[in-house]
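The structure appears right after this line, and notes come after that.
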Amino acid sequence: MSIKSISHAFELSRNTIRSYVRKFQESGIPIEHLLQMSEHHLQEMFVSNSERNRTPSVRWQELNALLPDYAARLSRKSVTLQSLYDEYCREHPDGYCHAQFGNLMNRYMLSTRAVGHVDHYAGDRMYIDYAGDKLEVVDAETGKSFIATALGYEACKNSIKTYVTITCLCA
């Protein structure tokens with residue numbers, strides 16, 4: 001098999017496959033003997049101690065200390081990942097780039113958020129959500145302006161039907 005096909009089959013990078021091949025060739029152990037080795041022995045042979053016992057960088061430790069606060073603030077109104085990243089860049093100019101910051105933030109959020117699965121039957125329940133800030137609604141016929149105090153969007157699961165309600169106060 002080629003390195004590319006092995007990489008695709010095992011979902012490992014080609015460089016990782018190359019390093020395993022190089023370590024095998026440098027060991028001088030015949031393939032028959034290698035096939036008889038235990039998992040533990042193969043792990044010790046191909047994964048170096050420096051890779052397994054790597055100490056996290058100072059940059060990662062700094063960001064890791066900030067992630068709980070960032071995650072809590074992200075749930076607040078008008079706080080975005082971009083605004084958190086801008087703040088992070090001001091405090092840590094040689095920190096992570098935006099893409100890596102987003103990946104680490106998402107990984108942290110997934111590791112701390114509990115997710116449950118609930119089975120639903122089609123048309124059994126209606127889901128209601130209220131959209132953020134109040135918005136101004138203008139009546140097309142009268143031209144009168146209203147402030148929407150509640151904008152509700154409701155959708156039946158597994159249905160194409162939606163229903164929108166607007167509760168207004170006269171402006």
Side-chain angles (χ1 to χ4, degrees), residues 3-23 39-40 42-120 125-138 145-158 160 162-169 171:
I3 287 179
K4 190 173 184 179
S5 61
I6 294 170
S7 171
H8 184 70
F10 290 100
E11 295 181 1
L12 293 170
S13 74
R14 290 189 300 256
N15 288 335
T16 302
I17 302 298
R18 284 186 192 102
S19 74
Y20 290 161
V21 169
R22 189 176 60 255
K23 285 179 184 180
E39 280 291 320
H40 177 72
L42 289 170
Q43 183 82 13
E44 290 293 320
M45 185 176 155
F46 286 102
V47 181
S48 68
N49 289 335
S50 63
E51 291 174 11
R52 283 185 286 142
N53 298 326
R54 191 176 349 174
T55 57
S57 68
V58 173
R59 173 171 77 150
W60 185 86
Q61 290 173 348
E62 289 172 351
L63 178 61
N64 198 37
L66 296 170
L67 287 177
D69 178 52
Y70 285 170
R73 289 172 47 201
L74 197 56
S75 64
R76 293 186 199 155
K77 190 177 184 179
S78 301
V79 176
T80 63
L81 191 61
Q82 181 65 48
S83 65
L84 291 174
Y85 177 70
D86 292 341
E87 178 185 326
Y88 171 73
C89 281
R90 282 191 301 275
E91 295 173 5
H92 303 88
D94 56 342
Y96 287 104
C97 67
H98 187 273
Q100 188 64 20
F101 177 84
N103 286 339
L104 292 170
M105 188 70 189
N106 285 335
R107 189 179 303 161
Y108 177 80
M109 296 288 283
L110 287 173
S111 70
T112 59
R113 185 179 5 178
V115 177
H117 177 74
V118 180
D119 290 325
H120 296 287
R125 292 194 173 104
M126 184 177 288
Y127 297 93
I128 301 172
D129 190 13
Y130 288 94
D133 292 335
K134 297 175 182 165
L135 57 117
E136 187 176 350
V137 179
V138 178
S145 173
F146 301 96
I147 301 291
T149 56
L151 174 65
Y153 169 80
E154 303 156 12
C156 289
K157 187 163 177 80
N158 298 329
I160 60 170
T162 58
Y163 176 74
V164 177
T165 59
I166 299 176
T167 307
C168 295
L169 294 176

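The residues of the chain are indexed from 1 along the displayed sequence. Values in this document were obtained by computation on a predicted structure and should not be read as measured data.
- For CD of E39, the number of neighbouring non-hydrogen atoms (other residues, nucleotides, ligands) closer than 6.0 Å is 12 at most.
- Here the shortest heavy-atom pairing between Y108 and A71 reads CE2-CB, 3.6 Å.
- In this structure, R18 places its CZ atom where more than 12 heavy-atom neighbours from other residues, nucleotides or ligands lie under 6.0 Å away.
- In the displayed structure, H8 atom NE2 is contacted under 6.0 Å by at most 12 heavy atoms of other residues, nucleotides or ligands.
- Put simply, CZ on R107 and CD on Q100 are 7.0 Å apart, with the number rounded to the nearest 0.5 Å.
- Looking at heavy atoms from C-beta onward, R59 lies out of side-chain contact with D94 at the 4.5 angstrom threshold.
- Rounding to the nearest 0.5 Å places CD1 of I17 at 7.5 Å from CZ of F10.
- Going from atom CD1 of I6 over to atom OG1 of T16 covers 12.5 Å, rounded to the nearest 0.5 Å.
- In this structure, the separation between OG on S111 and CG on N106 is 10.5 Å, given to the nearest 0.5 Å.
- Rounding to the nearest 0.5 angstrom, the gap separating the CH2 atom in W60 from the OG1 atom in T55 is 11.0 Å.
- Counting heavy atoms from C-beta outward, R73 and E87 have side chains that approach closer than 4.5 Å.
- Residues Y70 and V79 fail the side-chain proximity criterion, which asks for heavy atoms closer than 4.5 Å.
- Of the possible donor and acceptor atoms, none in the side chain of Y96 sits under 3.5 Å from a partner among the backbone N and O of Y88.
- Minimum interatomic distance between K4 and R14 (heavy atoms only, all atoms of both residues): CA-CD, 4.1 Å.
- Contact of the E62 side chain with the V58 side chain is registered, since non-hydrogen atoms from C-beta on lie closer than 4.5 Å.
- Across S7 and S13, no two heavy atoms sit closer than the pair OG-C, 3.7 Å.
- Note that CE of M105 is 8.5 Å distant from CG of L63, once rounded to the nearest 0.5 Å.
- Across all non-hydrogen atoms, the minimal contact from L74 to T80 is CD1-C, 3.7 Å.
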